[in-house]
Amino acid sequence: MSNTAQMSAKHRIAALLDDNSFVEVGALVTRRSTDFNLQQKEVPADGVITGYGLIDGSLVYVYSQDASAMNGSVGEMHAKKIVHLYDLALKVGAPVIGLVDCAGLRLQEATDALAGFGEIYRQQTMASGVIPQITAIFGHCGGGLAVSASLSDFVFMEEKSAKLFVNSPNVLAGNYTDKCDTGAAGFHYEAGNVDYVGEDEASVLAKVRELVSILPSNNEDNDSYEECADDLNRLTESFAAELSDTSLALRDLSDNGFFFETKAGYAKEMVTGFIRLNGMTIGAVANRREVLGEDGKAIDTFDGTLTCAGCYKAERFVRFCDAFDIPVLTLTNVTGYRATVSEEKGMANAAARLTGAFAQATVPKVNLILEKAYGSAYITMNSRHIGADMVFALEGAEVGMMDAGLAAQIMYAGEPESMDPSVLNQKAEEYRQLQLNAVSAARRGYIDAVISGESARKHLIYAFDMLFTKRESRPAKKHGTV
């Protein structure tokens, strides 16, 4: 049973949509089953309110589960209403937003309810990559409904009352809620299952509105633009000081400091989110070495390597951007792959998936190398070699195999030079000049321009403007397998 004593299902819809814009669909639909005790129960709208309305003038479809009607449980007709909503959304090309507060399957309807779940799953799968799907959780979202939430593109949770779980915490062997509440918003935020956690319902709904306002309505009509009120030639004078925490660097680059970060609590060494450049929505992926607090001091530090979690986080984000024709910017600052036993178990697969996502994407792709770009991890991070359209590097950036000192030690191992530190340092400097700087990479055509940090914003704006009409085809196939 939901433990929310907050907004009603209708109030959530009203708070989400533009004033007086909601039109309900299927208000008179109710259950057909009369088995067990259902014949004595009134189930208004079969526990879910469905319809359409506007967010900032753009059409969206919404369903909101009603915990006051059999705890919002999913029965046959409840599911059919949601499936019908998806039918309408796919026909007109508009996002679907689910406001979840549900006790799960309606036991009295058994296989009919299970069939309904399956139909919802199928519709969500068919809609994936065609229309944006957003789920906001305010009460319970358990069992099969947790799978439905994860079939969405973005998931939001209210901090106190929302619960997301496949199996209840108390049925997990050796666990109980007081020990580890595996249904809590914080748990799933850190696990990467949730994009945003809000302190109350109003903040969650406001964040959903913000996301919808920057996304295209579907995969064919890109209306994710607005008039740019920021100076296109604005210098980013503090950019060079923000390279360790790229969430700050992205805000500096973006129009009026706008940045919508996704999955901020998960794999913090990899930043993903949306910025605006000249009014255009851009998907951003960036390596991060530090998380800085408001006082400028480091809260978390990272070693500059790619991790399995970071690769998976970025890969899914890149695939979403490519599906909806959103250009992609990468800020690269990577020295290799995380070298631990646990990471080694999945690193090859994770890096392959991220490499495949960048290589397969046909949207405009721009890469800015910040400080270091070493080895095959650099290749993975949207390099020219796997398809980046434009590559920039900051002055002083290093691009190559590895650190110059280590390279010198390896190349001259066992040689007389290795016995003299001054000679070895000289060889390292020689390697740095010939093989490890952005200028040498630019001379080989791997980098288009070496730029200053303060000019980064205008270079990126010009690059994406130039690539606006990019068209790129791929070999005909059903789909890839990476």
Side-chain angles (χ1 to χ4, degrees), residues 149-150 152-157 164 180 182 184-197 207 211 242-251 259-275 282-293 298-322 326 328-358 361 367-368 370-382 482:
S150 295
S152 302
D153 297 306
F154 301 95
V155 180
F156 297 74
M157 288 185 75
L164 173 65
C180 178
T182 54
F187 179 87
H188 289 285
Y189 187 56
E190 293 180 2
N193 299 322
V194 174
D195 292 277
Y196 174 80
V197 173
K207 205 68 175 177
L211 177 60
E242 299 165 336
L243 302 185
S244 63
D245 189 344
T246 42
S247 66
L248 302 179
L250 288 168
R251 289 184 187 278
F259 180 44
F260 188 103
E261 188 170 0
T262 61
K263 291 181 169 52
Y266 172 64
K268 295 179 183 179
E269 69 281 359
M270 183 73 79
V271 178
T272 58
F274 299 102
I275 65 173
I282 304 290
V285 177
N287 304 120
R288 176 160 58 182
R289 291 174 179 263
E290 291 181 323
V291 178
L292 300 179
I299 300 172
D300 286 318
T301 59
F302 312 104
D303 60 6
T305 58
L306 287 182
T307 64
C308 292
C311 287
Y312 288 130
K313 175 181 177 178
E315 179 247 351
R316 180 166 181 176
F317 182 78
V318 171
R319 292 197 186 281
F320 174 85
C321 291
D322 189 48
I326 298 172
V328 174
L329 166 68
T330 48
L331 302 185
T332 298
N333 193 2
V334 65
T335 58
Y337 303 114
R338 179 72 57 83
T340 66
V341 173
S342 60
E343 287 290 319
E344 190 65 19
K345 293 178 181 178
M347 181 54 70
N349 181 63
R353 290 182 69 91
L354 180 56
T355 303
F358 277 124
N367 186 10
L368 174 58
L370 303 181
E371 295 177 305
K372 296 180 179 181
Y374 290 171
S376 53
Y378 141 66
I379 302 297
T380 293
M381 281 298 296
N382 192 29
V482 177

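Quantities reported herein were computed from a predicted structural model and do not represent experimental measurements. Count residues from 1 along the sequence.
- Rounding to the nearest 0.5 Å places CZ of F156 at 4.5 Å from CG of L211.
- Put simply, the side chain of T246 gets close to the backbone of N287: a donor and an acceptor are under 3.5 Å apart.
- Remark: T182 OG1 to L164 CG distance equals 9.5 Å, nearest 0.5 Å.
- Distance check, rounded to the nearest 0.5 Å: NZ of K263 to OH of Y196 gives 15.0 Å.
- Applying the salt bridge (charged side-chain N to carboxylate O under 4.0 Å, His left out) rule to E315 yields the partners R319, R353; only residues at least two apart in sequence or on another chain are considered.
- Evaluation of the salt bridge (charged side-chain N to carboxylate O under 4.0 Å, His left out) rule for K207 yields E210 as partners, not counting sequence neighbours.
- Contacts of T301 classified as side chain to side chain contact (heavy atoms under 4.5 Å, CB included), with partners at least two apart in sequence or in another chain: E290, A298.
- Considering only residues two or more places apart in sequence or on other chains, S150 meets the side-chain hydrogen bond (donor to acceptor under 3.5 Å, both in side chains) condition with none of them.
- In this structure, CG on N367 lies 5.0 Å from CG on N382, to the nearest 0.5 angstrom.
- The salt bridge (charged side-chain N to carboxylate O under 4.0 Å, His left out) search around D153 returns none, not counting sequence neighbours.
- With sequence neighbours excluded, no residue satisfies salt bridge (charged side-chain N to carboxylate O under 4.0 Å, His left out) with R316.
- Contact detail for G283 and I326: the closest heavy-atom pair is N-CG2, 3.5 Å.
- Atom CG of residue D195 and atom CZ of residue F154 lie 6.0 Å apart, to the nearest 0.5 angstrom.
- Nearest heavy-atom pair, T332 versus A373, reported as atom, atom and distance to 0.1 Å: CG2-CB, 4.2 Å.
- In this view, F259 satisfies the ring-ring contact (aromatic ring centres under 6.0 Å, His included) rule with no residue, not counting sequence neighbours.
- With sequence neighbours excluded, the residues satisfying ring-ring contact (aromatic ring centres under 6.0 Å, His included) with Y378 are H385.
- Contact record, V155 with A149: CG2-O, 3.3 Å, taken as the closest heavy-atom pair.
- For the atom pair L306 CG and L354 CG, the distance stands at 7.0 Å (nearest 0.5 Å).
- Counting heavy atoms from C-beta on, the side chains of F302 and V291 come closer than 4.5 Å.
- Side-chain contact check for T305 versus E343: every heavy-atom pair is 4.5 Å or farther apart.
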Determine, stepwise, if the pair L329 / I275 fulfils side chain to side chain contact (heavy atoms under 4.5 Å, CB included). CA-CA 9 Å; L329 166 68; I275 65 173; 4.0 Å; yes
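- Minimum heavy-atom separation, V334 to A377: CG2-CB, 3.8 Å.
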Yes or no on side chain to side chain contact (heavy atoms under 4.5 Å, CB included) for L292 and L248, after CA distance, side-chain angles and deciding distance? CA-CA 9 Å; L292 300 179; L248 302 179; 4.0 Å; yes
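- C311 approaches A350 most closely through the heavy-atom pair CB-O, 3.5 Å.
- By the side-chain hydrogen bond (donor to acceptor under 3.5 Å, both in side chains) test, T335 is found to be paired with no residue, residues two or more places apart in sequence or in another chain being considered.
- Under the side chain to side chain contact (heavy atoms under 4.5 Å, CB included) criterion, E371 pairs with L243, R289, N333, sequence neighbours left out.
- Closest non-hydrogen pair, A264 versus Y189, comes out as CB-OH, 3.2 Å.
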Report all side-chain donor-acceptor pairs from residues 267-274 shorter than 3.5 Å, counting only partners two or more places apart or in another chain.
{"residue": "E269", "atom": "OE2", "partner": "T307", "partner atom": "OG1", "Å": "2.3"}
{"residue": "T272", "atom": "OG1", "partner": "T262", "partner atom": "O", "Å": "3.3"}
{"residue": "T272", "atom": "OG1", "partner": "T262", "partner atom": "OG1", "Å": "2.8"}

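- For D245, the side-chain hydrogen bond (donor to acceptor under 3.5 Å, both in side chains) partners at least two apart in sequence or on another chain are S247, R288.
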